[in-house]
2 protein chains.
Amino acid sequence: MFNFEDYAKSAFTVDNIIFGFDQGELKILLIKRGEPPYTNQWALPGNFVYPNEDLDAAAERVLGELTGLKDVYLEQVRTFGEVNRHPLGRVITVAYYSLVKIKGYNLKGTSPLSQKAKWVSIENATNLAFDHDQIFEACFRRLKRRVRTRPLGFELLPRKFTLTELQQLYEAILQPEKKIDKRNFRKKILSMKILVDLNEAQEGVAHRPAKLYKFDKKKYEKFVAEGFNFEI
Amino acid sequence: MFNFEDYAKSAFTVDNIIFGFDQGELKILLIKRGEPPYTNQWALPGNFVYPNEDLDAAAERVLGELTGLKDVYLEQVRTFGEVNRHPLGRVITVAYYSLVKIKGYNLKGTSPLSQKAKWVSIENATNLAFDHDQIFEACFRRLKRRVRTRPLGFELLPRKFTLTELQQLYEAILQPEKKIDKRNFRKKILSMKILVDLNEAQEGVAHRPAKLYKFDKKKYEKFVAEGFNFEI
DNA sequence: GCAAAAGTGTTCTCGGTACACCCATGC
DNA sequence: GCATGGGTGTACCGAGAACACTTTTGC
């Protein structure tokens with residue numbers, strides 16, 4: 001006879017890779033582990049899923065406890081469940097990634113973990129605890145693909161941004177196909193008509209100030225409904 | 001203090017959507033449930049993941065028990081873990097899909113479940129048990145996307161096939177953008193140089209017999225290594 | 001000889017890519 | 001006035017899309 005308890009011997013968790021863009025670099029938020037296993041190694045932020053909690057909600061909670069942010073872009077990527085991936089027992093983890101705007105927010109987490117968190121540029125995000133290298137790879141690959149067909153880039157930029165910032169963001173994500181032609185990039189992105197020229201300019205820069213734009217989500221959604229496809 | 005057992009109260013399963021192509025139609029293998037909940041409703045093939053079993057292995061086992069097949073294309077899609085998706089308790093399920101060649105094989109499963117399995121054309125695969133409609137949707141969407149950038153179609157066809165069969169397969173998957181131009185399709189697929197003309201022809205058809213081709217996987221992999229991108 | 005599907009080329013359009021110089025500001 | 005990044009237009013090429021008739025077989 002089938003007995004539910006016989007199969008309920010596994011734990012499951014979510015890991016949430018939190019991407020941010022700062023100083024022209026793509027970064028993720030890592031946590032320095034304070035206890036075994038993998039003490040003192042960097043790890044992805046994650047947590048167990050509570051018994052009455054949906055998976056997405058758990059990922060949002062991890063993000064919230066760490067940064068104080070909510071309502072950010074969140075996407076499930078893939079589930080990692082190799083038998084021996086966790087030394088303490090059978091632990092299946094569902095991997096997510098989030099996109100947050102670093103600038104203009106003081107990230108403050110509520111959990112003690114947030115003390116041990118640090119933004120690390122993606123080139124340096126190696127040698128992570130558990131199978132987190134693999135998880136990071138999978139999520140970053142997904143982001144690279146997704147960002148070309150969905151207007152996700154704006155989730156990583158401040159509300160007002162310049163076209164050069166936007167281009168640098170794409171270059172940071174799509175590396176090493178790093179070299180995007182400035183004129184072609186602008187022609188393409190402006191031809192989509194999903195950016196609004198704010199008629200404002202950068203201030204305090206030692207060169208010709210750039211114009212500021214914002215992303216017009218309403219317009220984007222209207223175009224999509226009409227069959228438009230974002231594509232970079 | 002952290003106690004592993006406190007969190008190990010959930011069960012997890014895999015569901016595996018098995019796609020096949022037959023009579024010009026895309027079909028999936030469904031199981032008629034013989035017990036509650038959802039008695040007599042159609043459901044996706046699935047099973048609990050054994051404590052010492054990797055997720056992929058569990059999905060392969062589900063496939064094997066049902067069809068006797070192994071070494072087929074298998075891809076993880078997404079994990080469904082809503083708190084109340086299963087009436088018996090908290091059950092998280094990892095969704096997979098497989099692509100199998102129906103023709104030329106007598107599918108014979110080892111499990112008693114295989115008696116209750118049936119190939120159902122995807123248009124009729126609705127009103128499934130649990131949240132399986134949703135799971136099917138997600139997997140079918142993934143297949144639609146994937147099939148345009150990876151040579152997966154061949155996994156669903158017999159080893160030798162005609163160009164018309166290949167085109168019909170794409171039309172079945174990519175519906176409702178159903179109308180593909182014959183000349184353009186052939187020009188494109190042949191220009192990739194990944195098909196081998198077998199110098200054989202169909203037999204016993206009441207019209208001009210079509211030439212038979214096979215997919216050259218070696219060549220495809222060589223081209224990919226050189227930077228080639230499959231794209232339909 | 002008729003029904004049924006196989007096979008085959010050309011033209012047009014549009015989007016992608018390559019490419020170099022002047023402009024506005026801070027110091 | 002000089003250093004720094006901002007901003008702009010054109011020409012070429014190749015891929016995708018549209019489109020109709022002849023060929024080969026079974027009956």
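Lettering follows sequence order; numbering is per chain, from 1.
Leu74(B) places a side-chain heavy atom less than 4.5 Å from the side chain of Asn16(B).
To the nearest angstrom, P of dA5(C) lies 13 Å from CZ of Arg186(B). As rounded to whole Å, 15 Å separates atom C1' of dA6(C) from atom CG of Leu166(B). A straight line from CD1 of Ile189(B) to P of dG16(D) spans 12 Å, rounded to a whole angstrom. Between the NZ atom of Lys211(A) and the P atom of dT25(C) there is a distance of 13 Å, rounded to whole Å. As a whole-Å value, the separation of Leu212(B) CG from dG7(C) C1' is 15 Å. Going from atom NZ of Lys179(A) over to atom C1' of dG16(C) covers 16 Å, rounded to whole Å. The interatomic distance linking Ile180(A) (CD1) with dG6(D) (P) rounds to 14 Å, in whole Å. Atom pair Gln167(B):CD and dA6(C):P shows a separation of 9 Å (rounding to whole Å applied).
Taking the six-membered ring where the residue is Trp, Tyr73(A) and Tyr97(A) present tilted rings, their angle falling between 30° and 60°.
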Heavy-atom contacts, protein to nucleotides 18-27 of chain D, under 4.0 Å, summarised as B (base), S (sugar-phosphate only) or - (none) per nt, yield BBB--BBBS-
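Here Leu44(A) contributes atom CG and Tyr96(A) contributes atom OH; the two are 15.0 Å apart, rounded to the nearest 0.5 Å.
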Could you tabulate the donor-acceptor pairs under 3.5 Å formed by side-chain atoms of residues 133-141 of chain A, not counting sequence neighbours?
unit_1    : atom_1 : unit_2    : atom_2 : d
Asp133(A) : OD1    : Asn127(A) : N      : 3.2
Asp133(A) : OD1    : Leu128(A) : N      : 3.1
Asp133(A) : OD2    : Asn127(A) : N      : 3.3

Which pairs would a plain distance check flag for residues 200-216 of chain B, meaning a side-chain donor or acceptor within less than 3.5 Å of a matching protein atom at least two apart in sequence or in another chain?
unit_1    : atom_1 : unit_2    : atom_2 : d
Glu200(B) : OE1    : Lys160(B) : NZ     : 3.0
Glu200(B) : OE2    : Lys160(B) : NZ     : 3.1
Gln202(B) : OE1    : Ala210(B) : N      : 3.0
Lys211(B) : NZ     : Asp197(B) : OD2    : 3.0
Asp216(B) : OD1    : Lys218(B) : N      : 3.3
Asp216(B) : OD1    : Lys219(B) : N      : 3.1

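Classification of Lys70(A) and Glu60(A) as a salt-bridged pair fails, no side-chain N sitting under 4.0 Å from a carboxylate O.
Put simply, Thr164(B) has no side-chain N or O that comes within less than 4.0 Å of OP1 or OP2 on dA5(C).
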